[in-house]
Amino acid sequence: MSHDNLLDQALVRLDEAAAHLSIDPDVIEKLKYARETAKARLMIRMDDGSRKSFIAWRCRYDDTRGPTKGGIRFHPDSDVFEVETLAFWMTFKCAVMNLPYGGGKGAVRVDPRKLSKAELERLSRAYMQAFARVIGPNRDIPAPDVYTNAMIMGWMADEYAQIVGQTEPAVITGKPIALGGSLGRDDATARGGYYLVRHLAADLGLGQGARVAVQGFGNAGQHIATLLAADGHKIVAVSDSSGAIKCENGLNLQKLFAAKANGQSVSSTAGQDGHEVMSADDLVGVACDILAPSALENMIHEGNAAQVKAKIVLELANGPVTSEADAILEKNGIVVLPDILANAGGVTVSYFEWVQNRQGFYWTLDEIHDRLKTIVEREGRAIWNISREKNASMRTAAYVHALGRLAEAIEAHGTQSFFTS
Ligand code: NAD
């Protein structure tokens, strides 16, 4: 899969938001391009004694509002276009939540499932060796993303400590708790989306016992299923990269978690507790109230958007809806809670981790949840109000909200009219 028009699609959203604001052209010129993208070949020793190289990137898209922040993805389809687009989204996501960060992102083109654990550790350390010069607690702070996890962050933090000669936990977030990770980081992405849905439920016309379909059953997908089910909502369908499963009366989540923990697909639970196999492609068209895309980008596109029956699309994945699909969903009256708001719980708790690492004083889980809830509700409500005032989609409203903050920061350095007046 190529992502060569992904950034162009993302920039369409920038233009749409700009049309609602009176901002200096400098702002658009600054936000149209990535500030810095480093590329490296990571050469590692494989278990069979051979050497193998993997291409990798780290992008710092914009750092006007603070050091860049964004995850590292290990995926066989990763490319520079995807990395830069994800970094662009991070720039806006951090601004949406008013975090003192710019946006960054990184990736290695690799299928980590084909590596041994020792090869994965060597690759993770090689990533930090290659990019330590652009990364740093005041410069660029990575975190986990698709197919990377807390242990990988721990290896990378350790490698960075060896390079700079001192422990520096604030260099990376999403670390294991024992290595300076924050409580509450594991389910933060889903929890942010969950607080958002709960806060806006009345405005969205969402009642008790909503029916939920979850696309992708990894970190974000499993946790949103848990949180919504605990509130009495029903998880009626879920998918992963190898299949999908449905049950009208609600899936047995414990069975699904057990299957994933054993390295099996959710579809392996077919036949148990009324679980029925379905095609992963059909998941977007399941009759439900909330559809939570929690896998990869471009999963809801021109070809399947008209099948969506949900009232609400909760974008836990980054960029799961293409701009063509967005128009179809809007026309059909479906409210999309956009990625830069809906999945921003992850970067917000990453920010809490960075703050705790820098102050050397750690918060309780209740403090983390309270602070996250306060921020999600404050920014979610502000975006809801913008969308009502401007009669715009929640996505456009989120971009307007973020762009206002980015513009203020960029314009604070002086604009053309300042220098020519
Ligand atoms: P993950 O690796 O834990 O899970 C990804 C899931 O998607 C897996 O279950 C995989 O099987 C599934 N998947 C892959 N291809 C699929 C397909 N074609 N159809 C259905 N399922 C498919 O990753 P994650 O951390 O949960 O991230 C998922 C999404 O959420 C990504 O877009 C990521 O950028 C975004 N996100 C994650 C975080 C976080 O903190 N983890 C934060 C913000 C955004």
Side-chain angles (χ1 to χ4, degrees), residues 1 113 146-147 187 189-190 193-194 197-198 201 204-317 320-322 325 328-329 332-337 342-343:
M1 183 173 49
R113 292 165 297 190
V146 176
Y147 299 147
D187 73 353
T189 299
Y194 161 73
V197 166
R198 215 171 59 170
L204 295 167
L206 205 64
Q208 293 292 310
R211 296 156 58 81
V212 183
V214 181
Q215 180 187 56
F217 209 58
N219 175 301
Q222 292 187 33
H223 284 119
I224 196 66
T226 304
L227 290 164
L228 289 174
D231 265 6
H233 301 303
K234 217 186 269 181
I235 314 304
V236 294
V238 307
S239 65
D240 60 24
S241 59
S242 314
I245 196 94
K246 64 177 176 179
C247 180
E248 276 289 308
N249 297 324
L251 292 159
N252 180 333
L253 293 183
Q254 296 315 319
K255 292 262 160 71
L256 298 177
F257 297 149
K260 293 308 287 182
N262 286 330
Q264 290 170 315
S265 166
V266 289
S267 59
S268 70
T269 64
Q272 304 175 35
D273 294 319
H275 289 199
E276 287 174 54
V277 171
M278 66 183 292
S279 144
D281 290 343
D282 292 341
L283 185 117
V284 298
V286 163
C288 61
D289 300 294
I290 304 174
L291 171 63
S294 314
L296 295 171
E297 54 270 15
N298 292 347
M299 302 289 286
I300 303 176
H301 45 77
E302 211 172 0
N304 65 7
Q307 294 163 24
V308 175
K309 297 187 187 69
K311 279 190 203 143
I312 296 155
V313 174
L314 177 68
E315 290 190 334
L316 293 182
V321 177
T322 65
I328 297 170
L329 297 178
N332 292 345
I334 297 164
V335 177
V336 178
L337 298 175
N343 71 28

Legend entry - Heavy-atom donor-acceptor pair, Lys246 side chain to Val236 backbone, under 3.5 Å: no
Inset, instruction - State the NZ-CG distance between Lys311 and Leu204, to the nearest 0.5 angstrom. - result: 9.5 Å
Inset, instruction - Taking all heavy atoms of Ala259 and all of Ser268, pick out the closest pair and write down the distance. - result: CB-OG, 3.6 Å
Inset, instruction - Would you indicate whether the side-chain heavy atoms of Arg113 and Ser241 approach each other to under 4.5 Å? - result: yes
Inset, instruction - Decide side chain to side chain contact (heavy atoms under 4.5 Å, CB included) for Asn304 and Asp281; before the verdict, give the C-alpha distance in whole Å, the side-chain angles of both, and the deciding distance to 0.1 Å. - result: CA-CA 9 Å; Asn304 65 7; Asp281 290 343; over 6 Å; no
Legend entry - Over 12 foreign heavy atoms within 6.0 Å of CD, Gln272: yes
Inset, instruction - Nearest 0.5 Å please: distance from the NE2 atom of His275 over to the CG atom of Asn249. - result: 10.0 Å
Legend entry - From CD1 (Ile245) to CD1 (Ile235), nearest 0.5 Å: 14.5 Å
Legend entry - Heavy-atom closest pair, residues Ala287 and Arg211: O-NH2, 3.3 Å
Legend entry - Side-chain ion pair, Lys234 and Glu248, N-O less than 4.0 Å: no
Inset, instruction - To the nearest 0.5 angstrom, please state how far the CG atom of Asn219 sits from the OG1 atom of Thr189. - result: 6.0 Å
Inset, instruction - Please name the pair of heavy atoms, one in Glu302 and one in Thr322, separated by the smallest distance, quoted to 0.1 Å. - result: N-OG1, 4.0 Å
Inset, instruction - Indicate yes or no: at least one non-hydrogen side-chain atom of Leu251 is less than 4.5 angstrom from one of Val238. - result: yes
Legend entry - Between CG on residue Asn343 and CG on residue Leu337, distance to nearest 0.5 Å: 11.5 Å
Legend entry - Any Met278 side-chain heavy atom under 4.5 Å of Val286 side chain: yes
Legend entry - Salt-bridge present (Lys260, Asp240; N to O < 4.0 Å): yes
Inset, instruction - State, to 0.1 Å, how close Ala342 and Leu314 come at their nearest heavy-atom pair, and which atoms those are. - result: CB-CD1, 3.8 Å
Inset, instruction - Identify the two heavy atoms, one from Ser242 and one from Ser267, that lie closest to each other, and give their separation to 0.1 Å. - result: O-OG, 4.1 Å
Legend entry - pair Gln215-Val284: side-chain heavy atoms closer than 4.5 Å: yes
Inset, instruction - Quick one: closest heavy-atom pair of Ser265 and Gly243, and the distance? - result: OG-N, 3.8 Å
Legend entry - Asn252 side chain reached by Thr269 side chain, heavy atoms, under 4.5 Å: no
Inset, instruction - Indicate yes or no: at least one non-hydrogen side-chain atom of Ile300 is less than 4.5 angstrom from one of Leu291. - result: yes
Inset, instruction - Please assess Val214 against Ile224 for the test side chain to side chain contact (heavy atoms under 4.5 Å, CB included), listing each intermediate value before the final yes or no. - result: CA-CA 8 Å; Val214 181; Ile224 196 66; 4.1 Å; yes
Inset, instruction - Would you check if there is a donor-acceptor pair between the side chains of Tyr194 and Asp231 at a distance under 3.5 Å? - result: yes
Inset, instruction - Output the distance between atom CZ (Arg198) and atom NE2 (His233), rounded to the nearest 0.5 Å. - result: 9.5 Å
